[in-house]
Structure formats: C-alpha cells, structure tokens
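Since the structure is predicted, the reported quantities are computational estimates derived from the model, not experimental observations. Scope of the values below: all heavy atoms of this structure, side chains included, with no hydrogens, waters or symmetry mates. Sequence lines set the chain letters: A, B, ... in the order given, protein chains first and strands last, and positions in each chain run from 1.
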Number of protein chains: 2
Amino acid sequence: MTGARDEARRNRERIVEVARVVVREQGTQASLRDIARRAEVGLGTLYRHFPSRDALLETLMRRRVDHLTARAAALTAEKDAAAALTTWLLEFSYGAGTYRGLPESLLATLADQTSPLHAAVEPLRDATARLLAAAQAANAIRADLTADELFALVTAVGWIAEQTPTLDNHRERLLALILDGLTRPPRR
Amino acid sequence: MTGARDEARRNRERIVEVARVVVREQGTQASLRDIARRAEVGLGTLYRHFPSRDALLETLMRRRVDHLTARAAALTAEKDAAAALTTWLLEFSYGAGTYRGLPESLLATLADQTSPLHAAVEPLRDATARLLAAAQAANAIRADLTADELFALVTAVGWIAEQTPTLDNHRERLLALILDGLTRPPRR
DNA sequence: ACCTGAACACCGTTCAAGT
DNA sequence: ACCTGAACACCGTTCAAGT
C-alpha cells in the first residue's frame, strides 16, 4: 500500500539523484527540463518540489555544507590558528568548486537574503569569519582583513580554477600566493 | 546614390552602437535578438556581420583594448616598475569590468585560441607579462609569479567587484590585499 | 551582395486538467 | 494531495526567399 506521499517522496529523491548527475555534467546552469526528463517526472513535479533553481542547488549542497561546517568546528579547536585557517580555506575552495558555476552562485547569493541558497552559504561565511578571527587573535593574519573580503577571495580562487582547468593544483598555488600577502610574515 | 555597401556599413555601425547600450544594460550574455530588434535590423544581418557573440564583443572591446595597450606602453617606460605595474593592474581591472560577465569571457577566452575574443585578450596578457617582468627585474615582485597567474588574479578582482557591488572601491582594496602578498616587502 | 524573417530546436515558468 | 504536459513567452542559429 504505497500512498501518494510515498510516491512524492520517491519522486523527490529521484529528482535530487538525477540532478546531482546533470549538474555535475552541465554546471549550475543545467537545464531543469533535462533534469525532469531524465528523472522521468513531469516538469511541474520538479517545480513543486523545488520552486527555484537555487532551492534545488541548496539541496544538492546540503551534505557538503554540513560536512564543511563540521570540519570548520574541528579546525576551530586546533592550536595553530594560522594552519587551521589555511586548511579551511583550501577545503572550502574545493567544496565551492563542486560544480561549474557554483562559485558564482555562492558569492552572488551571499548578498541576497531572499535566495534559498543563502541558508547554505551563511554557515560557510560564518565559519570563515570564526577561523579568521582566531588567526587574527593569534596575530597571524592582518587585522584589517574582513571575513567578507576573505570569503570573496577564496571563492575567486575556485572561480579561477574553474575558468582555467589547465592545472589542477591551481587552488593550492593561488591560495598560497594570496596568503603570502594576507599572512603577516613573522618579524625578521 | 547610396549603394548596398553604404547600407551594409550603416547597418554594422548601428548594430555596434546599439550593442554597446544593450550589453551595458544586460551584460555579455545580452540577447542578440534584442540587439537586432533595437537596431532595427534583421536577425540574419547581425549574424552576417558578427558570426558569433564573441566576434561582437571583440568589436565592442577594441577601443578599450587599444587604449589599454597604449597605457601599458607608456607605463613600461616608467622608472618605478612596481608603481607602473600597480597602476596597470588597477586600470586593467577596471577595463575588464566594463560589462557584466566580461571578466569571465576574458579569462575563458585566454585559453581558447579559436575565439575571436582571443585576439583582444592576448595583447592585454602580453602587456601584463611585460610589466610583470620589469617589476621582477627590479626585484619588486616575487620571481616565481607567472604572467598567467597574475592575469587570472587581477581578472578575478574584476569578477569579485561585479558579484559584490556593495562597495565600489573594492578593486583598489582587493588589489592592495593581493599585492601586499605578491609584492616582496623591502628588507627590514 | 545584402537583407529579412520564418523555421527549428531548445529554454524557464505557469497552470488547467487529470488521478 | 499530487502529477502531467500543454501553453506562453522567450532564446540561439540557420537558411530559403526576396531586392
């Protein structure tokens, strides 16, 4: 006796499952029609479950956001605040690059309270802010750097990596270049 | 006795003129249909003159590219290589942000030899490389920084400014943050 | 030669009709 | 309640028909 609620749940799950594949293939601007088609679901059904593209992206990102916030919490407990921040920034930059177009969506949505994706981005920005504050308290990072600036810069690293797929260690290198500036060198 | 050639020329000019307005309004992803409509020209005429979106963008950017390369030439003659590079990076970052979406188009097209926009980007990348080399020769910038890395980073500054229109001095600030890392501080 | 706009194959989004 | 897919208003791109 599978009720309508069960079918609705299964539909939702299938949409999400298919969306992971299609968005991985086509990026965040993937065709919603295509997702509905490949999930063998009416287009209206997709819209019922996910009233906007950002709502779908938010669901796709939830796992990763949860994982990243957990990582951030663990890193906050680290003794070496500078190393913790560096590790975090690198992991976040990889996470922000999960899908083509994602860095743009994340940065754009940060300023847009109304977007469902905003709920996914905020904890990441907040985690960045906490780790930054700790590193600043340890005098490891210039004190005038704001969390929004750092967040934008590390998101941009993901954006560059996406636009320039020639090398894949771009992220480490670019982040190191930026940090060498942002990190206050020990007195010498 | 205005011949067909004259009309073709006038059509082309009107398309470019209208495209400047529409692309300024809607960004590099502006509707080509809309441009043709507002230029009071058949859609096929637009395609005849500009077989691809990048071909149109290249025409829109030509003036600015010429102006920027002239600036770069002048700056190369400056004594203070570090100051010249900084000035260049800031001016380029503003130029790259002429239209919404342009930083993305520019960085993407750098690796795509086939794009008509490539011809517009290459002189800018080359100018960046020359000014970088001069600054490196003066020991003002870390020697292991490549022109492509610097080009990507400064383009990313334009990208961030576009995604985060809250502040408008973003460019100066972000560039300073990055340079403070890239610029080797005087021995102290 | 050059121009036009219909034609084709796609979108995102809404919503009346079905179960 | 939930699902479907036609309907609407858009795209980019091509190309037969016109001058």
In whole angstrom, what separates L46(B)'s CG from dC15(D)'s P?
-> 17 Å
If you find the nucleotide of DNA chain D closest to H49(A) and the one closest to L32(B), which residue's nucleotide is nearer the 5' end?
-> H49(A)
Quick one: R10(A) CZ to dA1(D) P, roughly how many Å, whole number?
-> 19 Å
For the pair made of CZ in R48(B) and C1' in dG12(D), what is the distance, rounded to whole Å?
-> 18 Å
Stem segments of DNA chain C by first residue number [Watson-Crick or G-U, under 3.5 Å, at least 3] | C:4-8 with D:12-16, C:12-16 with D:4-8
May I ask you to verify if any side-chain N or O of N11(B) is less than 4.0 angstrom from the OP1 or OP2 atom of dC3(C)?
-> yes
Under the 3.5 angstrom rule, does the side chain of H118(B) hit a backbone N or O of T109(B) as a donor-acceptor pair?
-> yes
What is the distance, rounded to the nearest whole Å, between atom CZ of R38(A) and atom P of dC11(C)?
-> 11 Å
Side-chain donor or acceptor of T98(B) paired with backbone N/O of G95(B) under 3.5 Å = yes
What is the distance, rounded to the nearest whole Å, between atom CD of E40(B) and atom P of dG5(C)?
-> 11 Å
Aromatic ring pairing W159(A)/W159(B), orientation class (parallel under 30°, perpendicular over 60°, tilted between) = parallel
Give A36(B) one of three labels, base, sugar-phosphate or nothing, depending on what nucleic acid heavy atoms sit under 4.0 Å from its own.
-> nothing
Establish, for the pair R24(A) and Y99(A), whether the NZ or CZ atom is under 6.0 angstrom from the six-membered ring centre and no further than 45 degrees off its axis.
-> no
Reckon R53(B) touches a base, only the sugar-phosphate, or nothing at all at heavy-atom distances under 4.0 Å?
-> sugar-phosphate
For the side chain of R33(A) and the base of dG12(C), is some donor closer than 3.5 Å to an acceptor across the two?
-> yes
Quick one: L43(B) CG to dT4(C) P, roughly how many Å, whole number?
-> 10 Å
From the list dT13(D), dT4(D), dT4(C), which nucleotide is the closest neighbour of the side chain of Y47(B)?
-> dT13(D)
DNA chain C-proximal residues of residues 13-29 of chain A, any heavy atom under 4.0 Å | none
Please check if the side chain of R171(B) supplies one atom and the backbone of S93(B) the other of a donor-acceptor pair under 3.5 Å.
-> yes
Quick one: which of dC3(D), dT4(C), dT13(D) gets closest to the side chain of V41(B)?
-> dT4(C)
Side-chain atoms of R37(A) come closest, of dC11(C), dC2(D), dC3(C), to dC11(C)
What pairs with R20(B) under salt bridge (charged side-chain N to carboxylate O under 4.0 Å, His left out), at least two apart in sequence or on another chain?
-> none
Return yes if some donor-acceptor pair links the side-chain N/O of Q26(B) with the main-chain N/O of S31(B) below 3.5 Å, else return no.
-> yes
Quick one: label S31(B) by what it contacts on the DNA or RNA (base, sugar-phosphate, nothing), any heavy atom closer than 4.0 Å.
-> sugar-phosphate
Rounding to a whole Å, what distance do you find between L56(A):CG and dT13(C):C1'?
-> 15 Å
Is the side chain of T87(A) donor-acceptor paired with the backbone N or O of A83(A) at a distance under 3.5 Å, no angle test?
-> yes
When the distance from CZ of F50(A) to P of dC3(D) is rounded to whole Å, what number comes out?
-> 11 Å
Counting only N and O atoms by type, is there a donor-acceptor contact under 3.5 Å from the side chain of T69(A) to the main-chain atoms of D66(A)?
-> yes
For Q136(B) and L145(B), indicate whether the former's side chain and the latter's backbone hold a donor-acceptor pair under 3.5 Å.
-> yes
